[in-house]
Amino acid sequence: MLFLQLVLLVVLLPGGDSEDAFQEPVSFRILLTTSFYNSSWTQNQGSAWLDELQTHGWDNKTGAFIYLQPWSKGNFSNKELLEVEELFYTYSISDPSIYHNHVSEWQLEYPFQVQLVLGCDSHFGEASVGFLRIAYQGSDLMSFQNTSWWPSPKGGSRAQQVCTVFNQYIFSEIVQKLLSDYCPRFLLGLLDAGKAYLQRQMRPEAWLSSGPSPGPGRLLLVCHVSGFYPKPVWVMWMRGEQEQQGTQRGDLLPQADGTWYLQTSLDVKASEAGGLSCRVRHSSLGGQDMVLYWGQPHSVGLVFLAVTVSLVLLAGLALWLWKRWKTHWRPQCTGFPVQ
Ligand SMILES: *[C@@H]1O[C@H](CO)[C@@H](O)[C@H](O)[C@H]1NC(C)=O
Ligand SMILES: *[C@@H]1O[C@H](CO)[C@@H](O)[C@H](O)[C@H]1NC(C)=O
Ligand SMILES: *[C@@H]1O[C@H](CO)[C@@H](O)[C@H](O)[C@H]1NC(C)=O
Ligand SMILES: *[C@@H]1O[C@H](CO)[C@@H](O)[C@H](O)[C@H]1NC(C)=O
């Protein structure tokens with residue numbers, strides 16, 4: 001995992017200026033989940049994603065797409081978008097009957113869920129032909145390849161039966177067009193329209209803290225790195241130039257503003273914590289790693305702050321006293337009648 005991140009960084013860092021096409025693979029996915037509660041009641045939920053970023057919602061009453069980013073329409077015309085909306089509407093809202101009608105034949109049991117994922121990938125400015133898969137109760141049922149539906153090996157006889165029916169009813173030219181034309185074209189248009197947003201560089205903020213003590217005489221040093229974008233980041237506990245092999249990397253967590261958060265910890269003897277540092281490498285830092293030292297310079301910083309604040313306060317006090325003394329001194333000297 002770490003190695004992978006390193007490779008990504010090596011690829012990423014030199015390509016710092018973001019004029020180039022996207023270097024890393026980017027995927028576009030449309031997810032549609034239909035819950036069948038009984039023979040007359042179904043519920044739909046749909047969304048579309050560019051990697052981890054949701055680009056589209058879906059109104060499950062009208063079947064209309066909801067454009068969540070200003071660039072979510074990519075370069076498609078409203079006419080083309082309506083065509084695609086109509087396809088989804090037909091499949092999901094107006095016609096879930098294909099499942100209802102075959103409940104006993106396919107041995108489906110209410111309540112059940114059918115999930116559909118349609119997507120395509122792009123790499124170095126080229127988009128792949130898309131794919132379409134359907135799952136029943138979370139496990140693969142069938143996929144669309146090369147003009148027809150194919151049962152998933154895990155799907156058993158149910159998958160074969162469903163495929164037979166789908167190959168009769170679901171117009172394969174339309175699906176084929178969605179996958180080989182619409183999806184790759186839409187993805188490239190989307191990447192282009194959203195370029196400024198998707199290729200933005202957000203600098204991380206980093207800070208240190210100590211975690212729950214791992215045992216007597218030991219410390220858990222925690223390095224927090226927050227608010228960075230894009231996702232690839234390298235964070236390591238160091239002693240001088242030496243990477244500390246015990247560094248534990250947490251999961252990369254998404255934040256509400258579309259940036260990422262990572263926590264990296266190191267379990268050390270309390271007596272050996274001095275001289276350790278947390279080093280952060282990220283494409284937004286322009287090749288200049290961020291380094292945070294455990295203990296010493298941190299407290300030097302605090303002392304410096306305390307001294308500065310006290311000096312400013314003292315200077316303010318002195319000035320105030322001096323002004324006060326100046327204004328009160330004159331009248332006292334000249335104006336006091338001697339009685
Ligand atoms: C389906 O479920 C809904 C909600 O529980 C219920 O109102 C409805 O009567 C059910 N229909 C059938 C045919 O069972
Ligand atoms: C639409 O989705 C919401 C959840 O996002 C669900 O509560 C609602 O029942 C759905 N409506 C239909 C008609 O599927
Ligand atoms: C898809 O089908 C065409 C003919 O229908 C065939 O020439 C081609 O090799 C197939 N491709 C794959 C990957 O199966
Ligand atoms: C949108 O952009 C893609 C990729 O640059 C291009 O192939 C396509 O012709 C453009 N226009 C439409 C309407 O898809």
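All ligand and atom numbering here is 1-based and tracks the order in the structure.
Under the 6.0 Å distance and 45° angle rule, R29 does not count as a cation-pi partner of W49.
With respect to the salt-bridge test (charged N to carboxylate O, under 4.0 angstrom), the residues E83 and K79 qualify.
Distance alone, capped at 3.5 Å, places no donor-acceptor pair between the Q45 side chain and the T34 backbone. A side-chain donor-acceptor contact under 3.5 Å links W150 to the backbone of Q145.
Geometrically, ligand 2 and N44 share a nitrogen or oxygen pair separated by less than 3.5 Å. For ligand 4, the polar-atom distance check finds no N/O of E80 at less than 3.5 Å from any of the ligand's N/O atoms.
Close contacts of ligand 2 with Q45, meaning ligand atoms under 4.0 Å from a residue heavy atom, involve 2 (O), 4 (C), 5 (O). Set against the non-hydrogen atoms of L188, the atoms of ligand 4 under 4.0 Å away are 4 (C).
Contact annotation: for F186 versus ligand 4, there are no heavy atoms closer than 4.0 Å.
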Please test F144 against W149 for ring pair (Phe, Tyr, Trp, His ring centres under 6.0 Å), starting from the C-alpha separation and ending with a verdict. CA-CA 4 Å; F144 190 89; W149 290 96; 5.3 Å; yes
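Aromatic rings from F36 and Y99 are positioned such that their centres are separated by under 6.0 Å.
Residues R185 and N75 come closest through the heavy atom pair O-OD1, 4.3 Å.
If you take CG on L187 and CD on E126, they are separated by 11.5 Å, rounding to the nearest 0.5 Å.
Enumerated by chain and number, the residues approaching ligand 1 to less than 4.0 Å through a heavy atom are N38, S39, S40, W41.
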